Amino acid sequence: MSVAAFVRPLFGSGSTTADHEQVRQESLAISAGLKRQDAGLLDELIVRYQHRLLRYLLYLTGNRDMARTSFRRSGCVC
């Protein structure tokens with residue numbers, strides 16, 4: 001038995017190609033929205049990644065209150 005034949009069942013049925021294609025399509029849609037200057041796109045991205053944005057602001061500022069203030073100014077509610 002080859003190593004690949006042994007390892008393949010441990011990691012699923014190969015849906016990574018489908019997952020990769022979905023991520024690629026989402027990235028293309030975001031890119032197209034940015035080119036069109038879609039007004040709702042930034043709001044959608046902020047909502048989608050709000051937890052990551054807050055963590056990043058906390059990392060940048062080193063201060064939870066300052067990070068939350070910056071986060072609220074970006075249009076989010078925390």
Side-chain angles (χ1 to χ4, degrees):
M1 175 189 290
S2 72
V3 173
F6 176 75
V7 172
R8 191 172 295 125
L10 299 175
F11 293 101
S13 61
S15 65
T16 57
T17 303
D19 293 340
H20 177 71
E21 183 60 26
Q22 181 180 2
V23 169
R24 183 178 169 281
Q25 291 299 323
E26 287 177 2
S27 295
L28 289 172
I30 290 169
S31 176
L34 291 172
K35 287 178 184 176
R36 286 190 316 267
Q37 297 181 350
D38 185 353
L41 180 62
L42 182 59
D43 293 336
E44 182 182 330
L45 291 173
I46 289 173
V47 168
R48 180 184 282 183
Y49 298 109
Q50 61 185 333
H51 301 315
R52 290 182 185 185
L53 177 58
L54 182 57
R55 278 196 318 255
Y56 180 67
L57 291 171
L58 182 57
Y59 167 77
L60 283 178
T61 63
N63 181 305
R64 184 170 297 278
D65 292 331
M66 192 180 297
R68 285 185 175 169
T69 300
S70 299
F71 190 73
R72 282 191 209 103
R73 288 182 181 167
S74 72
C76 293
V77 178
C78 58

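This one's a predicted model, so the numbers in the text were calculated from it and none came from an experiment.
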| task | Find the distance between CD (Glu21) and CD (Glu26) and round it off to the nearest 0.5 Å. | result | 11.0 Å
| Taking atom CG of Asp38 and atom CD of Glu44, what is their separation to the nearest 0.5 Å? | 8.0 Å
| request: Taking Ser27 for its side chain and Val23 for its backbone only, find out whether a donor-acceptor pair lies under 3.5 Å. | output: yes
| Should we count CZ of Arg64 as having more than 12 external heavy atoms under 6.0 Å? | no
| query | How many angstroms lie between CG in Leu54 and CZ in Arg72, if you round to the nearest 0.5 Å? | reply | 9.5 Å
| query | Roughly how far apart are Arg48 CZ and Ile30 CD1, rounded to 0.5 Å? | reply | 5.0 Å
| query | Is it the case that one hydrophobic cluster holds both Leu41 and Tyr49, taking links as side-chain heavy atoms less than 4.5 Å apart, direct or via other members? | reply | yes
| note | By side-chain hydrogen bond (donor to acceptor under 3.5 Å, both in side chains), Gln37 pairs with (sequence neighbours left out) none
| query | Atom CE in Met66, atom CG in Leu58: separation rounded to 0.5 Å? | reply | 11.0 Å
| Spatial distance of atom CD (Gln25) from atom NE2 (His20) [nearest 0.5 Å] | 10.0 Å
